[in-house]
Structures are given as C-alpha cells and as structure tokens.
Trainee: 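I'd like to ask you about the structure that follows.
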Amino acid sequence: MAVLGATPTRNLALELARVTEAAAMLAGRYMGRGDKEGADGAAVNAMRLVLSTLDMNGVIVIGEGEKDQAPMLFNGEKVGNGSTPDVDVAVDPVDGTRPLAFGRSNALAMVALAPRGTMFDPGPFLYMNKLAVGREAKGVIDIEKPITENLKAIAKAKGRHVEDLTTIVLDRPRHEGMIAEIRRAGARIRQIPDGDVAAALMTAWPDSGVDVLLGIGGTPEGVIAACALRAMGGEIQGKLYARDESELQRGRDAGYDFEKVLTIDDLVSSEDVFFATTGITDGELLKGVRYQGDHITTESLVVRGLTGTIRRIQATHSTEKLENLSSIHY
C-alpha cells in the first residue's frame with residue numbers, strides 16, 4: 001500500500017509512450033497502401049527496438065503469435081534490458097491493420113505492462129465474448145445475464161434511459177442475434193469493422209459517445225483492454241469462445257474453462273498496470289500521425305493503474321535527430 005509522503009515509484013507508462021510513438025510513426029507510412037503485413041512488420045520492428053532500451057525484464061505474454069509464426073515480439077520473447085522490474089508485456093503493434101491498410105479510422109499502436117505472472121495467458125484460444133463499460137457502470141454488469149438486463153443496469157447506473165445508450169459491436173455475422181436483441185431493447189448501435197481494443201477504451205473515455213462494448217472479439221485484445229480499463233477505472237468481463245467442437249475439446253484438454261466468467265482480476269490481477277497507445281490514423285480517441293517534412297507529430301494516451309492518472313501526450317519529433325540516433329528510417 002502506498003504511504004503518504006513516500007517516494008513516488010517509476011511510471012513506466014511514460015516510457016511506453018516512446019514505444020508506441022515509434023511503432024505509429026513507422027506504421028503510419030502505410031496508411032491506405034493496402035499492405036497489412038508491411039504496416040504490421042514496420043510497427044513490430046520499431047516497437048521491438050525501443051522496448052529493448054527500457055529498464056525492465058519483460059516477457060511477452062500477448063504478442064504476435066508463437067515463435068515459428070512470429071520472428072519478433074512472439075509469445076515468450078524476452079524484452080527490455082534485463083534489469084528490474086520483472087513484468088508481463090502485452091503488445092498490439094497495430095490494433096486495426098485493415099483500417100490502416102485502407103485509410104480508415106481508429107488504427108492504434110499499443111503496449112501494456114503488469115508485474116510478472118499477473119496477465120492472463122490465453123494460449124492458442126483467440127476468441128472471447130466480452131462486455132466492457134466505463135467507470136460509471138463498473139460493478140453492475142454480468143456477462144451471464146441477458147443483454148437487455150445489462151443495458152437496463154448500465155442505464156440506471158448512468159442515470160439514463162436504455163434508449164440513450166450507445167453500444168459498440170464488431171460488424172460480424174456471428175453478432176446478428178445480439179444486434180437484434182439490442183434493437184429490441186431500444187439502445188443505439190454502432191457497428192465497427194475492426195478494432196475492439198479501441199472500442200473498449202471508448203467506453204471509459206469521456207465524450208466518446210460510447211457506453212458499452214458487446215460481442216465476440218480477440219482474446220489477446222481482451223487482455224490488453226483489461227489492462228487499460230483497470231487503469232482507467234472501467235470494467236470488462238469475458239468468456240472464452242470456441243469456434244467449433246474440436247477447438248472446445250482441445251481447450252478443455254489443455255485445462256481451459258469455457259464456462260468460466262473471466263473478470264478484470266482474472267485478465268490482469270495487479271493494480272500496478274501500465275498502458276500506452278498512440279494514434280496511427282485519426283479516430284475518436286486520438287489523432288493519427290502527421291508527417292510534415294522535417295518533423296512528425298503524434299498523439300498518445302498513457303495511463304497508470306496505481307494512481308489512475310490518464311495523460312494525453314502531443315509530441316513533435318525531429319526526423320533528422322531521430323535518424324541520427326536510430327537504425328530506423330522514419
């Protein structure tokens with residue numbers, strides 16, 4: 001427990017902003033060029049280089065996949081310079097590769113850290129049913145209850161009518177029944193093509209116009225969203241989702257419980273969590289990267305769990321000085 005007057009501990013979130021800024025600056029060059037792999041590769045290269053300079057002993061828990069499929073930032077890879085603290089690391093070099101490739105909104109670069117052993121490891125199980133809200137509705141949601149009951153509880157907690165709420169849902173065929181139920185309840189719906197981490201963050205961000213995230217999305221993205229929402233005072237619940245019977249059986253054989261409700265404490269069990277994200281393309285949360293000849297501008301969001309501090313950082317980067325210091329061509 002923090003003691004009044006004690007020396008403040010190190011805020012790694014501020015250092016993580018350098019990581020996401022570098023990833024965003026390189027990936028942003030690919031906006032609208034139709035090259036998802038090129039954009040993701042550029043972000044991974046930049047992120048890995050800057051992560052290697054940080055004073056920490058990190059292990060990638062949520063990364064680009066297993067080593068054979070992901071030569072860099074793979075699950076289990078060590079990052080940092082090997083000094084303390086010992087941390088779990090979750091990375092999403094580009095949340096929204098498709099929006100970035102086609103010049104659409106809400107592509108972000110993001111990283112989260114938590115003490116070693118406190119992040120949920122989803123293994124090979126890539127999908128999760130999620131329910132996420134911001135601070136005002138924390139403590140009133142239950143993913144096992146019908147959607148209509150949850151919407152009524154959220155509306156009551158926020159002092160509104162259900163008809164005032166805006167839900168956000170990935171535009172996928174698997175959500176047709178959910179969308180029909182939301183419509184029957186009377187809530188508004190915003191369907192998005194990609195980017196459910198950004199969508200989860202919107203539920204906790206003032207003036208985003210989003211009240212609740214619903215639906216099946218990525219499990220790794222759920223862990224990253226949990227890190228951010230924990231620091232921002234929101235809440236997320238999830239249940240692993242098997243795409244077919246064989247995946248369900250493999251999960252059960254590996255010890256995963258597809259009936260268990262994963263609370264925010266299950267997804268990241270420490271309050272000492274750090275999260276940073278930088279806009280690649282323009283979105284509701286952040287402005288995208290701007291290239292202006294001899295300099296580049298970025299906008300980032302950094303949050304720290306212990307203090308609940310949320311910072312928006314606008315930065316101007318000298319391309320000449322960056323390239324004199326780095327092997328990366330910005």
Side-chain angles (χ1 to χ4, degrees), residues 9-24 26-27 40-95 97 108-126 128 197-198 200-201 218-232 236 262 264-278 280 300-306 328:
T9 55
R10 185 163 136 236
N11 188 352
L12 284 163
L14 296 174
E15 298 175 51
L16 292 182
R18 293 176 46 232
V19 177
T20 56
E21 285 170 351
L26 260 70
D40 193 57
V44 168
N45 287 333
M47 189 170 276
R48 188 169 185 259
L49 179 65
V50 182
L51 278 170
S52 71
T53 69
L54 300 190
D55 291 330
M56 66 179 191
N57 179 23
V59 174
I60 302 285
V61 174
I62 304 293
E64 292 290 279
E66 298 304 317
K67 184 175 182 179
D68 290 343
Q69 285 75 41
M72 294 191 296
L73 295 181
F74 56 85
N75 297 348
E77 180 176 353
K78 293 184 178 181
V79 292
N81 63 12
S83 63
T84 56
D86 296 340
V87 293
D88 288 341
V89 183
V91 300
D92 197 347
V94 181
D95 178 49
T97 52
L108 300 166
M110 53 187 65
V111 179
L113 299 181
R116 180 70 53 79
T118 62
M119 277 189 197
F120 178 73
D121 183 352
F125 302 105
L126 300 178
M128 173 190 290
V197 179
L201 297 183
T219 307
E221 290 83 355
V223 177
I224 296 173
C227 293
L229 288 172
R230 179 153 203 146
M232 297 171 78
I236 184 170
L262 297 169
I264 200 164
D265 288 328
D266 294 312
L267 296 171
V268 58
S269 60
S270 174
E271 198 71 31
D272 193 14
V273 65
F274 304 92
F275 173 82
T277 183
T278 300
I280 305 176
S300 303
L301 183 72
V302 297
V303 295
R304 185 183 188 192
L306 280 182
I328 294 175

Trainee: Provide the closest heavy-atom pair for Ile224 versus Phe275 in the form atom of the first, atom of the second, distance.
Mentor: CG2-CE1, 3.8 Å
Trainee: Under the side-chain hydrogen bond (donor to acceptor under 3.5 Å, both in side chains) rule, collect the residues that match up with Ser83, sequence neighbours excluded.
Mentor: Asn81
Trainee: Can you name the salt bridge (charged side-chain N to carboxylate O under 4.0 Å, His left out) partners of Asp266, sequence neighbours left out?
Mentor: Lys260
Trainee: How close do Ser270 and Val273 get, heavy atom to heavy atom, and via which atoms?
Mentor: O-CB, 4.1 Å
Trainee: Is there a side-chain contact (heavy atoms from CB on, under 4.5 Å) between Leu108 and Val197? Walk through the geometry before answering.
Mentor: CA-CA 9 Å; Leu108 300 166; Val197 179; over 6 Å; no
Trainee: Which pairs of donor and acceptor atoms, one on a side chain in residues 111-120, lie under 3.5 Å apart (sequence neighbours left out)?
Mentor:
unit_1 : atom_1 : unit_2 : atom_2 : d
Arg116 : NE     : Val87  : O      : 3.3
Arg116 : NH2    : Asn57  : O      : 2.6
Thr118 : OG1    : Pro115 : O      : 2.6

Trainee: Where is the tightest heavy-atom contact between Ile62 and Pro220, given as atom of each residue plus distance?
Mentor: CG2-CB, 3.4 Å
Trainee: Taking the side chain as every heavy atom from C-beta outward, state whether Leu73 and Val79 have any pair of such atoms under 4.5 Å apart.
Mentor: yes
Trainee: So, does Arg230 use its side chain to make a donor-acceptor pair with the main chain of Val268 at under 3.5 Å?
Mentor: yes
Trainee: Give the minimum heavy-atom separation between Leu267 and Ala226, together with the two atoms involved.
Mentor: CB-CB, 3.6 Å
Trainee: For Thr97, enumerate each residue passing the side-chain hydrogen bond (donor to acceptor under 3.5 Å, both in side chains) test, keeping only those at least two apart in sequence or located in another chain.
Mentor: none
Trainee: Please, which pairs that meet salt bridge (Lys or Arg N to Asp or Glu O under 4.0 Å) have at least one residue in residues 51-60, sequence neighbours excluded?
Mentor: none
Trainee: What distance do Leu16 atom CG and Arg304 atom CZ have between them, rounded to the nearest 0.5 Å?
Mentor: 11.5 Å
Trainee: Looking at every heavy atom in both Gly58 and Val89, which two are closest together, and how far apart are they?
Mentor: CA-CG2, 3.9 Å
Trainee: The criterion is side-chain hydrogen bond (donor to acceptor under 3.5 Å, both in side chains); which residues satisfy it with Thr277, sequence neighbours excluded?
Mentor: none
Trainee: Could you state the interatomic distance from CD1 (Ile264) to CD1 (Ile236), rounded to the nearest 0.5 Å?
Mentor: 7.0 Å
Trainee: Which donor-acceptor pairs under 3.5 Å do side chains of residues 40-51 form with protein atoms, sequence neighbours excluded?
Mentor:
unit_1 : atom_1 : unit_2 : atom_2 : d
Asn45  : ND2    : Gly41  : O      : 3.2
Arg48  : NE     : Glu77  : OE2    : 2.5
Arg48  : NH2    : Glu77  : OE2    : 3.1

Trainee: Looking at Ser300 and Thr278, what are the two nearest heavy atoms and their distance?
Mentor: OG-OG1, 2.6 Å
Trainee: Counting C-beta onward and ignoring hydrogens, is there a side-chain heavy-atom pair between Leu12 and Pro85 closer than 4.5 Å?
Mentor: yes
Trainee: What pairs with Asp121 under salt bridge (charged side-chain N to carboxylate O under 4.0 Å, His left out), at least two apart in sequence or on another chain?
Mentor: none
Trainee: Does any part of the side chain of Phe74, heavy atoms only, come nearer than 4.5 Å to the side chain of Glu64, both counted from C-beta?
Mentor: no
Trainee: Taking side chain as C-beta onward, heavy atoms only, is Val223 less than 4.5 Å from Val61?
Mentor: no
